[in-house]
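What follows is a set of notes on a single structure, which appears directly below.
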Amino acid sequence: MKRNEFQLRVNFGDTDAAGIVYYPNYFKWFDIAGHQFFRSIGLAPAKLIKEYSIILPLLDVRCTFEQPLYYDDIITIKTEVVEVNRKTIKLKHEVYREDTRTGHGYELRGWVKEENGKKFAVPIPEEVKKLLQEDGFGERAQINPWLSA
């Protein structure tokens, strides 16, 4: 299945009073990783909205925390499609500091049409399913890999 990865630097504001990354930041990073993933395969969320009136709302999310992260750590977020259903896409995310996985989880996103002020789930087109199910990486971002989120 399609996958992507990119790096972020942990900001001081991402940490709690103990100097450890505050847990909701994983969910923020998962959201960023999901958007980066869709951009990397030519399905940028802004393009989907503008050209097709398609949005990708979050339906479910989970994270397991394994190791602490700290200010100024460089993390790599690896994202992979693990499931494509009729109207949903499940992305697995893994967060690494060097070779150590510090957390992992998933996002379940819907394929939703927005029309006349109404939102409703629609089937994912076959060409999109095929793209999501292809093996390999999406395009690498041509920006500073140590994004500040």
Side-chain angles (χ1 to χ4, degrees), residues 1-52 54-112 119 121 123-149:
M1 299 255 201
K2 277 288 190 218
R3 56 191 180 278
N4 188 45
E5 63 182 59
F6 71 101
Q7 293 182 306
L8 293 172
R9 180 181 302 273
V10 174
N11 293 305
F12 182 76
D14 294 333
T15 63
D16 60 18
I20 298 171
V21 164
Y22 185 49
Y23 77 91
N25 286 294
Y26 272 83
F27 297 106
K28 174 181 74 173
W29 296 333
F30 286 2
D31 186 60
I32 292 168
H35 285 256
Q36 286 294 107
F37 169 79
F38 285 110
R39 282 186 199 99
S40 80
I41 62 168
L43 296 175
K47 176 184 176 180
L48 290 174
I49 292 168
K50 184 177 181 182
E51 296 180 16
Y52 306 104
I54 292 294
I55 59 175
L56 303 169
L58 188 61
L59 304 174
D60 189 20
V61 66
R62 178 178 175 86
C63 185
T64 300
F65 309 99
E66 299 173 310
Q67 298 289 323
L69 286 169
Y70 304 95
Y71 171 61
D72 231 19
D73 282 346
I74 303 298
I75 60 172
T76 301
I77 303 171
K78 298 179 180 187
T79 300
E80 181 176 4
V81 175
V82 291
E83 201 173 283
V84 180
N85 292 309
R86 189 164 176 261
K87 298 178 183 181
T88 61
I89 302 161
K90 190 173 191 177
L91 300 176
K92 175 180 78 172
H93 302 291
E94 295 180 300
V95 179
Y96 287 85
R97 178 185 48 239
E98 296 178 0
D99 293 331
T100 301
R101 188 172 78 175
T102 64
H104 63 94
Y106 68 83
E107 290 181 308
L108 182 66
R109 292 191 173 267
W111 191 265
V112 173
K119 296 171 183 69
I124 299 169
E126 287 304 315
E127 62 272 11
V128 172
K129 282 185 178 182
K130 186 176 179 179
L131 175 66
L132 292 166
Q133 294 169 334
E134 287 175 358
D135 190 36
F137 279 88
E139 294 288 321
R140 302 274 182 188
Q142 297 300 315
I143 54 178
N144 182 344
W146 294 342
L147 297 170
S148 179

Heavy atoms from other residues, nucleotides or ligands near CZ of Arg62 exceed 12 (cutoff 6.0 Å)
no

My understanding is that only residues two or more places apart in sequence, or in another chain, count here; which of them pass side-chain hydrogen bond (donor to acceptor under 3.5 Å, both in side chains) with Arg97?
Asp73

Contacts of Lys78 meeting salt bridge (Lys or Arg N to Asp or Glu O under 4.0 Å) (sequence neighbours excluded), chain-then-number -> none

Please, which pairs that meet ring pair (Phe, Tyr, Trp, His ring centres under 6.0 Å) have at least one residue in residues 58-92, sequence neighbours excluded?
Phe12-Tyr71, Tyr26-Phe65

Contacts of Glu80 that satisfy side-chain hydrogen bond (donor to acceptor under 3.5 Å, both in side chains) - sequence neighbours left out:
none

Which donor-acceptor pairs under 3.5 Å do side chains of residues 130-138 form with protein atoms, sequence neighbours excluded?
residue, atom, partner, partner atom, Å
Glu134, OE1, Lys2, NZ, 3.4
Asp135, OD1, Arg3, NH1, 2.9

Could you list the residues that satisfy side-chain hydrogen bond (donor to acceptor under 3.5 Å, both in side chains) with Asp72, not counting sequence neighbours?
Arg9

All heavy atoms of Leu91 vs all of Gly34, minimum pair found to be CD1-CA, 3.9 Å

Just wondering, do Trp29 and Asn25 contact through their side chains at under 4.5 Å, heavy atoms?
yes

Glu98 atom CD, over 12 foreign heavy atoms within 6.0 Å:
no

Residue list, side chain to side chain contact (heavy atoms under 4.5 Å, CB included) with Arg39, at least two apart or on another chain
His35, Gln36, Ala44, Pro45

Taking salt bridge (Lys or Arg N to Asp or Glu O under 4.0 Å) as the definition, give me every residue that meets it alongside Lys47, ordered by chain and number, with sequence neighbours left out.
none

Separation between CG of Leu43 and CD of Glu51, rounded to the nearest 0.5 Å
10.5 Å

Tyr52 side chain near Val128 side chain, heavy-atom distance below 4.5 Å
no

The criterion is side chain to side chain contact (heavy atoms under 4.5 Å, CB included); which residues satisfy it with Leu58, sequence neighbours excluded?
Val61, Glu107, Arg109

Among Val95, Ile75, Val21, find the one that has a side chain to side chain contact (heavy atoms under 4.5 Å, CB included) with Thr102.
Val95

Tell me whether Asp16 contacts the main-chain N or O of Ala18 through its side chain, where contact means a donor paired with an acceptor under 3.5 Å.
yes

Inter- and intrachain pairs under ring pair (Phe, Tyr, Trp, His ring centres under 6.0 Å), touching residues 88-111, at least two apart
Phe30-His93

Could you list the residues that satisfy side-chain hydrogen bond (donor to acceptor under 3.5 Å, both in side chains) with Lys87, not counting sequence neighbours?
none

From Ile124 atom CD1 to Asn85 atom CG, the distance as rounded to the nearest 0.5 Å
7.5 Å

Within the 4.5 Å heavy-atom criterion, are Ile55 and Ile49 side-chain neighbours or not?
yes

Identify, with sequence neighbours excluded, every residue that meets salt bridge (Lys or Arg N to Asp or Glu O under 4.0 Å) alongside Glu83.
none

Could you walk me through whether Phe37 and Ile89 satisfy the side-chain contact (heavy atoms from CB on, under 4.5 Å) test, starting with their C-alpha distance in whole Å, then the side-chain angles of each, then the deciding distance to 0.1 Å, before giving a yes or no?
CA-CA 12 Å; Phe37 169 79; Ile89 302 161; 5.8 Å; no

Atom of Pro68, atom of Ile20 and distance for their closest heavy-atom approach:
CB-CG2, 3.9 Å

Calculate, to the nearest 0.5 Å, the distance between atoms CD1 and CG belonging to Ile77 and Asn4 respectively.
10.0 Å

